[in-house]
Structure formats: C-alpha cells, structure tokens
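All remarks here apply to the structure that follows.
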Amino acid sequence: MTRKILIVDDSKLARMAVIKALDSLHPDWSRVEAGDAVTAMDLVQKEAPDVALVDFNMPGKNGLLLAAEVRQANPQIHVAVISANHQVEVINRAHAAGAAFLRKPLTSEALDAFLSVLNPQSVP
Amino acid sequence: MAAQPSVTLGELELDALTELVNLGVSSAALSLREMVQEEVLLSVPSVSVVTRAEAIANLEQRNTSRLVGVHQTFEGDIRGRALLIFPEAQSLELVRAVVGGDLSLEDLMELEQEALAETGNVLLNGCLGTIANNLGRSLRISLPEVIHGNGSEFINLTPPPRADSCVLFIYINFAVRRRDIQGYLAMLLDLPSLIALKELLAEFIERATATTVVSPPHAD
C-alpha cells in the first residue's frame, strides 16, 4: 500500500540520505520534506502524511517537541525521532511523545523495521 | 580590514560537516553521560570557516572570564586541534561530577588536572574517532593537555598559525543541567587541511546519498 512520508531535518544532506534509504525500500511512496518544525506542521495539515521521520537536533523547535505536536495534531501518524544523540533520556522522551527512536546514521534496515510495523503485509 | 576566509564550503558540504560533528559530539556526549550519570544536553552545532581573528572574537564573545581547556592535536589526511573548553570557575564542578563521591576541596584540586585530561581525552577521542570513521580515514590523536587562558591564547597555541590562514570553527554547547556545568567543543583546522577536508566531504556526501545504507568504513 502506497503511503506518504514526511521527512523533517534541517540538513538537506540528511534528508537526501533518508530518501535514498526509503527509495530502496518503498520507491512508490510519496514524500514531502521540511527543514524546520513550522514547515513540518504546515505539511502535516496540508499533506496528511502517514509517517513522519523527525530529526531531533534542529534549530528552533527540536524534534521531540515536534514529534509530540505531530502526534497531538494527528494520532494516526506514525512518528520516529532520528538522532545521533542516543542517550537514554532522549530515547525515553521520544517514546513518551509517542514516537519511535531511530539512530543516526540511519540504516535502511532500521528504517525498514520501523516501517514494517505500519505496513506488515507488504514487507517480506 | 579583516582578511576573508580563502576556502568556502558549499551548502551540502556544510551540511555534511555539521552532520559529522553532530555524530561525533553525540558519541562523546554518551561517554560523558556515563561518566556523570546524567543527561548531557547538546546544542545544534554551528560550523563556519572564519579567519583566526574571527575565531578569537567568537570565543571571547562567549566568555568574558578565564577559560580552562583540554586540547588534543590530530594528524592524518587532515590536521588540526580539538578543544574542550569551559569557564575556569566550573572546572572543579566537572571534576566532582566525574569523580563522584564526597571529596574534600584539597582532594578535588589534587585530582583536577588528571580528571580534566581524562575527561577531555574521552570526549575529544569520541568525537574525533567518530568523525574519522565516517570520513573513512584514520587520525593520529595526541595525548590531552590541560591549558588555562583566554580565547586568543587558545586559538594561537603553538605551532604558530600563518597570519593569513583561516580556520574551521566548530562550536557546540554542552551542559549538565543539575551540575551547573556548561562548556563547548571547538575544532580548528588550517587552510591545507580545509582543502583536504573538502575532498573528504565530497566522498562522504557521495556515500551518504548514493548508497542505501550509510555504513562508514572503519578507520584504525
């Protein structure tokens, strides 16, 4: 089943890396990108994505706060916070916000595991 | 008139470098978290190529008091200096957080140099090692040295820089909230290393965007 995914990272390179991983797993999925939390929330309203992958360490509003806002705006959206900062407190706060936690550098295996929860039939 | 940096990094190169620093500092923060048993808060890294004078102004703008730093030099395809810096007044608090227990002031002062050097060693090696691994290169890292002084003295550590050289100035703030510890990591590279770094970043960008799995080769 085709899904729509929102990728939020202030780094263009990081967004490109996520898209490459996604292309190898679900090339048919549509994707929208945001470089900051304000744009991301705008896209949540306008594009109604099924999934949001959110960088933690961003200028302005961080990814944990954004993840909580996304979930509050639409609890149906599956959210993962992505960060190289994998201190237990950060992981716990991601989970408390209703989001999964994925480590940077993101591997396609880790992304696949997260996405398979949402679309189990399509994943071998 | 102030000299202009003679090497510039493009948007993707700066992005890549910021990501590398983020990976490196996050790894270092995890180590510090284990040492102090508390979350280490990190700011968004700031990466810029500036003149040496601007780097000094950056440091001095952030700190009016005396500083203590742990510095290590690194050599390989790129060479430079990494510094862990915080206000001198917080030095003993950091030692207390790392060593733990109820040590007397005399004991803390006795341990200060050794504890600072070891803390700096763990943080800077964690950071530099992660960056080197992601660049697919090996770096030789010197032993840590504890220094006291101001921004100008830190930027102008020997060997003396060429007057016209620019530096890569990387700034990331870290804090241990309940301990009132706040400091930052800075990294300085000179002109030839910046040129070499541009090539390494191009390879890193290629790997990060042209492959589906971002798996860095391991350096020694």
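Reminder, nothing fancy here: chain letters follow the sequence lines and each chain counts from 1.
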**Request:** Report, as yes or no, whether the 6.0 Å neighbourhood of atom CZ on Arg103(A) holds more than 12 heavy atoms from other residues, nucleotides or ligands.
**Result:** no
**Residue Val25(B) versus chain A: region with a heavy atom under 4.5 Å** = neither
**Request:** Measure distances from Thr130(B) to the heavy atoms of chain A and classify the residue's part below 4.5 Å as side chain, backbone, both or neither.
**Result:** neither
**Message:** Report, in residue-number order, which members of residues 77-92 of chain A are under 4.5 Å from chain B by heavy-atom distance.
**Reply:** Ala84(A), Asn85(A), His86(A), Gln87(A), Val88(A), Glu89(A), Val90(A)
**Request:** Can you establish whether the number of heavy atoms outside Gln72(A) located under 6.0 Å from its atom CD is more than 12?
**Result:** no
**Asked** Under a 4.5 Å heavy-atom cutoff, which of Ser27(B), Pro45(B), Ser43(B) has the most pairs with chain A?
**Response** Ser43(B)
**Prompt:** Would you say Pro105(A) and Leu23(B) make side-chain contact, with heavy atoms under 4.5 Å?
**Reply:** yes
**Request:** To the nearest 0.5 angstrom, please state how far the CG atom of Asn22(B) sits from the CZ atom of Phe56(A).
**Result:** 9.5 Å
**Complete:** Cut-off 4.5 Å, heavy atoms of chain A, and the answer for Glu34(B) is neither
**Asked** Salt bridge or not for Glu19(B) and Lys12(A), using N-O below 4.0 Å?
**Response** no
**Message:** Check whether Asp15(B) reaches the backbone of Ala14(A) with its side chain - one donor and one acceptor, N or O, closer than 3.5 Å.
**Reply:** no
**Fill in**
Taken to the nearest 0.5 Å, the spacing of Leu201(B) CG from Leu13(A) CG works out to 9.5 Å
**Prompt:** Heavy-atom distance under 4.5 Å to chain B: side chain of Arg15(A), backbone, both or neither?
**Reply:** neither
**Request:** Please indicate whether Glu203(B) has more than 12 foreign heavy atoms, meaning atoms of other residues, nucleotides or ligands, lying under 6.0 Å from its CD.
**Result:** yes
